[in-house]
Structure formats: C-alpha cells, structure tokens
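Report on one structure; see the data block that follows.
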Amino acid sequence: MAICLCLPVTASAAADSYGWGFNKGKNGQPADAGPKFENMIKKSAAIYKGDPRKKEIYLTFDNGYENGYTGDILNVLRRQHVPAAFFITGHYLKTAPELVVRMVKENHIVGNHSWTHPDMSRSSDEVIRQELRRVKEETEKLTGQQTMNYLRPPRGVFNERTMAVAKKEGYTHVFWSLAYRDWVVDQQRGAKYAYDEVMKQIHPGAILLLHTVSKDNAEALDSIITDLKKQGYVFKSLDQLMIDQQLPSPMLY
C-alpha cells in the first residue's frame, strides 16, 4: 500500500509538484518509492532510506510546534543512548527555544524544516533561500550550531527545482521510508497503536519519521527502541548514513 504523508497537490500544480509517497515496508522488506522518485533522489543526492542489507535505523522527528512531549522524547533518547534528528520550523524556534538548545547539547542533529512551513514548489527560489537561511541563522544564534546540513521539505512537497535550490544552499533532502498518520493530536489512539504501526513497517535501513506532537509516540518510543534493539537493530545518525554512502568500504581508505 502506498503512503503519502503530505497535503494533497492540486491538479494545476501536479506537473511540477510532488507529494512524497512510497510503498510501505512489510515483513522486514524495505519501502519502495518507485522508479520516478528513486531517480529524483539519486539525481539530487537526497535520501529516504539506508542500506537494506544492514539492520540500521535512522530516527527523525518533525517539530512544527511544541505539544508538551518533546522533553519526554529527549529523555527516552538519552536513557537509550539513541541519536536522532529533529527538523524544526521558525515557530518552533520562537516558542520552544530551550528544547532546541537541549537537542544540540545532547548531540542530536537539528535540521531545517523551513521558517513558515510553506509549499516550496509554489515559492520563488529567493523565498526558499530566505526560508532556509533564517532557520539556520536563528538556530546558530540560539545554540551556537554553525552548520545545518539536512532539510525535510515542509508538507512533504517538492520538485526538482526546490531540491536544486536547497542543494545549492548546502542541504541534503531527507525524506523517509516509515511513517504513519501520527500528527493529528485529537485522533491519538494509544501507545500500542503507535508501537504496532512502527513494528509492522520496520525494515533494515529505515528512516523513521515521527512527530513530537503525538502523545502516542512519546508513550511508545521507549518500547519501540527497546524491542528493535532486541531484534538486532542499531540506531545511527544521519551523519553516519552520509559517511557510509560516501565511503561504502571505509576500510579501503
């Protein structure tokens, strides 16, 4: 079954605007984005999953606004010694600065989710640059973090132009190969539901997308991490994934 976790794209924009989607992973088999998206990923040096031969997982969160659960999530990650990437917006920087500072202090990656969360496919190149630069600059002022290498496109909407503009700004687009409808805060279904949704889609090389506004995610995360470790999975950072892709046989260098 295909999954698309973004706002719908209108017919008039369909020729030049895409919503990220893929065939879900199941029974330990990787998700598949299909030839068209795979080619776009390769062309722009973007990522949506790691090596399907290795039981490695990359945990990522989208942070558009704070709903009271990110501190709990950070506590679990610290206790479990698991790295993560948090993609933040301008609103999040303004309203939850102490949590962004904590993310950096605890050695998580803080990535760019744009300043105002627009549909970038409908934005000019200059507006895209401004959206990305403002997040980077404000994050540096707040935390001292001088680099920002990863972008999660707002709404999951993108095209070749938006990817090219971001790449020139120094960003790698980070999509995902595992997610579920977790962001609707008044439709939470309990920790078991979140746990089951992750476990039935898990696969080697998975890049998980979770939203920190989800009470279910916060309550299920510890069990998810514990049980995936028992299955032999190792949690790694996006930085390590990029190194592994650039140096597939590091012992030769």
More than 12 heavy atoms of other groups within 6.0 Å of H117 NE2: yes
S123 and E131: CA distance, side-chain angles, deciding distance, side-chain hydrogen bond (donor to acceptor under 3.5 Å, both in side chains) verdict: CA-CA 10 Å; S123 303; E131 286 275 337; over 6 Å; no
State plainly whether one hydrophobic cluster holds both Y233 and L77, where clusters connect Ile, Leu, Val, Met, Phe, Trp and Tyr through side-chain heavy atoms under 4.5 angstrom apart. yes
Considering residues at least two apart in sequence or located in another chain, which fulfil the salt bridge (Lys or Arg N to Asp or Glu O under 4.0 Å) criterion with D72? none
Pairing residues for E160 by the side chain to side chain contact (heavy atoms under 4.5 Å, CB included) criterion, not counting sequence neighbours: M40, K43
Indicate yes or no for a side-chain donor-acceptor contact from Q145 to the backbone of T147 under 3.5 Å, with no hydrogens or angles considered. yes
So the salt bridge (charged side-chain N to carboxylate O under 4.0 Å, His left out) pairs with at least one residue in residues 195-218 (sequence neighbours excluded) are K192-D196, E197-K200, K215-E219
Which residue pairs pass the salt bridge (charged side-chain N to carboxylate O under 4.0 Å, His left out) test when at least one of the two sits in residues 140-149, sequence neighbours left out? E138-K141
The salt bridge (Lys or Arg N to Asp or Glu O under 4.0 Å) partners of E106 (sequence neighbours excluded) come to R78, R102
Of all residues at least two apart in sequence or in a different chain, which pass the side-chain hydrogen bond (donor to acceptor under 3.5 Å, both in side chains) check with T95? none
For D62, salt bridge (Lys or Arg N to Asp or Glu O under 4.0 Å) partners two or more places apart: R152
Proximity of F37 and F158 rings by center, below 6.0 Å: yes
Can you list everything that forms a salt bridge (Lys or Arg N to Asp or Glu O under 4.0 Å) with D51? Sequence neighbours excluded, please. R53
Using a 6.0 Å cut-off, check whether atom NZ of K94 has over 12 heavy atoms from anything other than its own residue. no
From CG (L59) to CG (L208), nearest 0.5 Å: 6.0 Å
Under the rule for side chain to side chain contact (heavy atoms under 4.5 Å, CB included), what residues qualify as partners of T172, not counting sequence neighbours? I47, Y150, M242
Only counting residues at least two apart or in another chain, list the ones meeting side chain to side chain contact (heavy atoms under 4.5 Å, CB included) with R133. R129, E137, E169
Is the shortest heavy-atom distance from the side chain of V100 to the side chain of Y92 under 4.5 Å? yes
Under the side chain to side chain contact (heavy atoms under 4.5 Å, CB included) rule, collect the residues that match up with A220, sequence neighbours excluded. A191, A194, Y195, I224
Applied to residues 231-242, the salt bridge (charged side-chain N to carboxylate O under 4.0 Å, His left out) test, sequence neighbours excluded, yields E56-K236
Do N217 side-chain atoms and H211 backbone N/O form a donor-acceptor pair below 3.5 Å? yes
Output, in order, the C-alpha distance, side-chain angles, deciding distance and verdict of side-chain hydrogen bond (donor to acceptor under 3.5 Å, both in side chains) for D244 and Q240. CA-CA 6 Å; D244 291 346; Q240 187 61 55; 2.9 Å; yes
Do F86 and T212 make a side-chain contact, defined as non-hydrogen atoms from C-beta onward lying under 4.5 Å apart? yes
Starting at CD1 of I109, measure out to OG of S237 and round the result to the nearest 0.5 Å. 5.0 Å
Checking K167 side chain against A46 main chain: does a donor-acceptor pair fall under 3.5 Å? no
salt_bridge(K24, D32) N-O dist < 4.0 Å: no
Between the side chain of S121 and the main-chain N/O of S17, is any donor-acceptor distance below 3.5 Å? no
Plane angle bin for W20 and F175 - parallel if under 30°, tilted between 30 and 60°, otherwise perpendicular: parallel
